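Letters go in sequence order (proteins before strands), and every chain restarts at 1. Note that the structure is predicted; figures quoted are calculated from it, not measured.
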2 protein chains.
Amino acid sequence: MPANLKDVAREAGLSPAAVSRHLNGSLDLPQETRARIEEAVQRLGYRPNPHARRLSLGRSDTITLIVPDIANPFFAALAATVERAASARGMIVQLHATSNLESREIAVLELAADHRSDGVVFCTNRRPGAAVAEAIAALPRAVIVDEAVPGASAPQVFADNAQGGYLAGRHLAEWRHRRVAYLGGDPMLMSTRQRAEGLERGLREGSEGAEVGVRILSGRHDVATGRALATALLDSGGDETAIFVGSDEIAIGVIETLRARGVRIPQDMSLISFDGARALHLYDPPITAVRQPARRLGERAVELLLDGDWDDRTLPELVEYLPVELVERASVAAPNTAEPG
Amino acid sequence: MPANLKDVAREAGLSPAAVSRHLNGSLDLPQETRARIEEAVQRLGYRPNPHARRLSLGRSDTITLIVPDIANPFFAALAATVERAASARGMIVQLHATSNLESREIAVLELAADHRSDGVVFCTNRRPGAAVAEAIAALPRAVIVDEAVPGASAPQVFADNAQGGYLAGRHLAEWRHRRVAYLGGDPMLMSTRQRAEGLERGLREGSEGAEVGVRILSGRHDVATGRALATALLDSGGDETAIFVGSDEIAIGVIETLRARGVRIPQDMSLISFDGARALHLYDPPITAVRQPARRLGERAVELLLDGDWDDRTLPELVEYLPVELVERASVAAPNTAEPG
DNA sequence: TGGATTTACTAAACCGATTTAGTAGACCTC
DNA sequence: GAGGTCTACTAAATCGGTTTAGTAAATCCA
């Protein structure tokens, strides 16, 4: 029903080729002819059919965004900037949520390939298997964001997890904490390892030779995991005086559990979160956190996708760490030495 | 480079038509022939080109989701269920953020039409003009969610705003509040009017004949608006003892401002929020809120889009209100009669 | 004035599916 | 053995663009 190129050409008394080439700027026409085309376009309300265009061009002017869960504020913030950056360039974004399922990850990566997506932004919370790395390698343009995909050949953009862990460690050490629990995601995750290492290093450097200890408990990045790990930590009767959590989601579960158990933050247990996508300054108590550059991550991914030199064979080896910052609030205090946690 | 239908046909010793029709189930072939096709598909790793398919079929197996801002937890939650429901049906979702700009709203609605989107889920925070209603009318399948579009011909799915306002009003009345401020979005918005009316009605019904008053201050649904309106309210020296806000975003700005001004919640000022997409139970104090069915809204929209009887001429007149609930926490208390707010 | 160049286009192939209308041959029936 | 029916397909048009290779006519240049 809508007018197509042929209609416009007929209306303007030209061939479809002439109209197409004029509209795409690959043909210089005299003023008078151009006017005829513009007028025909106006009169018929012509809008090119994007599917025909994509079929013909073999590309889709589309950015594919793959995240575990869009309801997670971190990924929502990232998605917001991906969308903004993409639409500013006339690109459309396709959104896929994987629920952290490998099968879904692979399925949507293959879909992106089928669609000749002009760029894929891939995020996962798991440590993906080789099949995911292969599916990514099959894409002409993809960037991996937030969590590493071992063996994948694509540029990667991360938060500076090691630095985040370090800042948390230093901060806790300054408050005289020596035993800290890290409650985070899968221990095989790059982010988990980097944060835990940074944490331990910061703790050590800030403790002036005192003995320090980091206990790692892991699960998934969700509220239920936060509850479960906090419960496990408390039940284990360890001597940790502070908790560093891997995400706001986990933090929520931890806070709920601590509160239910009557463990006061920060008097009985100090807490630092990692994310800062939520309004932690309004929490009770306001939660000290390492703020991840969620928006910047998304923006940078789109930049790489659209402005990167993809003929440069070294691009897929690029790894960037974007700066994080420690936002001090009120969930860290000196350990309560009176009683064991 | 990837194999196409013709390659598969050649490999199987058949015509492309036969292969296509078999793959789409419109042709019954003998077992042996079927096996030949399946094998060729396997061997060549054939995957249909979706753009060719779409061009040919005139549809796209795509749901278009249009929201003001995906970083807003309410829309993020809605998006999550839209994505889940859509992908469960083999549909892809295209995401557009409008930043509440009419020009963007119209542009993306037109894009959706160009793409022969199989369904559009449209959300706005503004009171859109006639041009938006027209752009929606031009779509074969669209549903309007969360906020009304005057004059649009499309099914609409809302939270039960009037009931939400009523519940808040009753609750405040029970705590002896008589003067309440509603800080919300544009007063021309259907949601604003419904909530304010419900609020007043609830307040009146709960106040046993006492005189009640509702003051409405409005702006946009964001944190900055919350700060500005709270400041205006406080500076105006009114006698309101409670604030009912139109969204968690506004609530955040209000809480920040109250805190900065030394106005205690709930001792000096009670507060009820509307949304509940955030972790309000961890706030200081835990914030009583009317919880919107964000996820259900998204789910219902996709249901209507995909299972609705679109031949039924009355469908575009459908209006549904999904139930809300009041979650009582600790931000409401009896008014402090000692001093004026 | 005749060949070379430039201007202003166009014919037709192509992207990769779907689908309508039909056909060749086997079998069945009377 | 003629006509009808059924089986197993296929030829070719179509969706609506883009692009390559080319052409007719006008202009330039010597």
- Using a distance-only test with no angle check, is there a side-chain donor-acceptor pair under 3.5 angstrom linking A/Glu299 and A/Thr81? no
Assert: residue with more 5' nearest nucleotide on DNA chain D, out of B/Gly13 and B/Leu57, is B/Gly13
B/His22 and B/Glu38: side chain to side chain donor-acceptor pair (under 3.5 Å), yes or no, with the steps? CA-CA 10 Å; B/His22 165 70; B/Glu38 303 302 347; 2.9 Å; yes
Rounded to 10°, the angle between the first-five-pair and last-five-pair axes of the helix from C/dT1-D/dA30 to C/dC30-D/dG1 is 60°
Side-chain N,O (B/Asn24) to OP1/OP2 (C/dT18) below 4.0 Å = yes
Against the side chain of A/Thr33, the closest entry in C/dA17, C/dC9, C/dT19 is C/dC9
**Report entry** Side-chain N,O (B/Ser15) to OP1/OP2 (D/dT10) below 4.0 Å
**Finding:** yes
**Message:** Just N and O in the side chain of A/Arg53: are any of them under 4.0 Å from OP1 or OP2 of D/dT18?
**Reply:** yes
When rounded to whole Å, the CG to P distance for the pair B/Asp7 and C/dG16 reads 9 Å
Heavy atoms of A/Pro128 and A/Thr124 approach each other most closely as CG-CG2, 3.8 Å
Between A/Arg59 and A/Asn49, the residue closer to the 5' end of DNA chain D by nearest nucleotide is A/Asn49
Report each atom pair, protein N/O against N/O of nucleotides 24-28 of chain C, whose distance is under 3.5 angstrom.
none

What nucleic acid atoms does B/Leu5 come within less than 4.0 Å of, heavy atoms only: base, sugar-phosphate, or nothing?
base
Between CD of B/Gln31 and C1' of D/dT7 the distance, given in whole Å, is 16 Å
If only side-chain N and O atoms of A/Arg21 are considered, is one of them under 4.0 Å from the OP1 or OP2 phosphate oxygen of D/dT18? no
| B/Arg54 side chain to A/Asn49 side chain, donor-acceptor N/O pair below 3.5 angstrom | no
**Message:** Between B/Arg141 and B/Asp118 (side chain of the first, backbone of the second, donor and acceptor by atom type, cut-off under 3.5 Å), is there such a pair?
**Reply:** no
Requested in this report: Tell me yes or no: between the side chains of A/Gln94 and A/Thr62, is some donor less than 3.5 Å from an acceptor?
Outcome: no
Side-chain contact check for A/Ser20: nearest option of D/dA12, D/dT19, C/dT18 is D/dT19
- Query: With a 4.0 Å cut-off on heavy atoms, is B/Leu14 in touch with a base, just the backbone sugar-phosphate, or nothing at all?
  - Reply: sugar-phosphate
B/His22 atom NE2 is separated from D/dT10 atom C1', nearest whole Å, by 16 Å
TODO: With heavy atoms under 4.0 Å as the rule, sort A/Leu55 into base, sugar-phosphate or nothing.
DONE: base
* Under 4.0 Å between a Lys/Arg side-chain N and an Asp/Glu carboxylate O for A/Asp307 and A/Arg89? -> yes
Taken to the nearest whole Å, CG/A/Asp28 to C1'/C/dC9 is 12 Å
Open item on the list: Is A/Ser26 close enough to D/dT19 that one of its side-chain N or O atoms is under 4.0 Å from OP1 or OP2 there?
Closed with: no
* Touch check for A/Pro30, heavy atoms < 4.0 angstrom, all strands: base, sugar-phosphate only, or nothing? -> sugar-phosphate
Side-chain contact check for A/Leu27: nearest option of C/dC9, D/dA12, D/dT19 is C/dC9
Whichever of B/Ala18 and B/His51 has the more 5' nearest nucleotide on DNA chain C, that residue is B/His51
When rounded to whole Å, the NZ to C1' distance for the pair A/Lys6 and C/dA11 reads 13 Å
| message | Between B/Arg295 and B/Arg84, is the side chain to side chain contact (heavy atoms under 4.5 Å, CB included) condition met? List the steps. | response | CA-CA 10 Å; B/Arg295 296 186 166 265; B/Arg84 194 182 328 282; 3.8 Å; yes
Q. Side chains of B/Thr314 and B/Asp312: do they bring a donor and an acceptor to under 3.5 Å?
A. yes
| task | Decide whether B/Thr98 and B/Asn100 meet the rule of one side-chain donor and one side-chain acceptor closer than 3.5 Å. | result | no
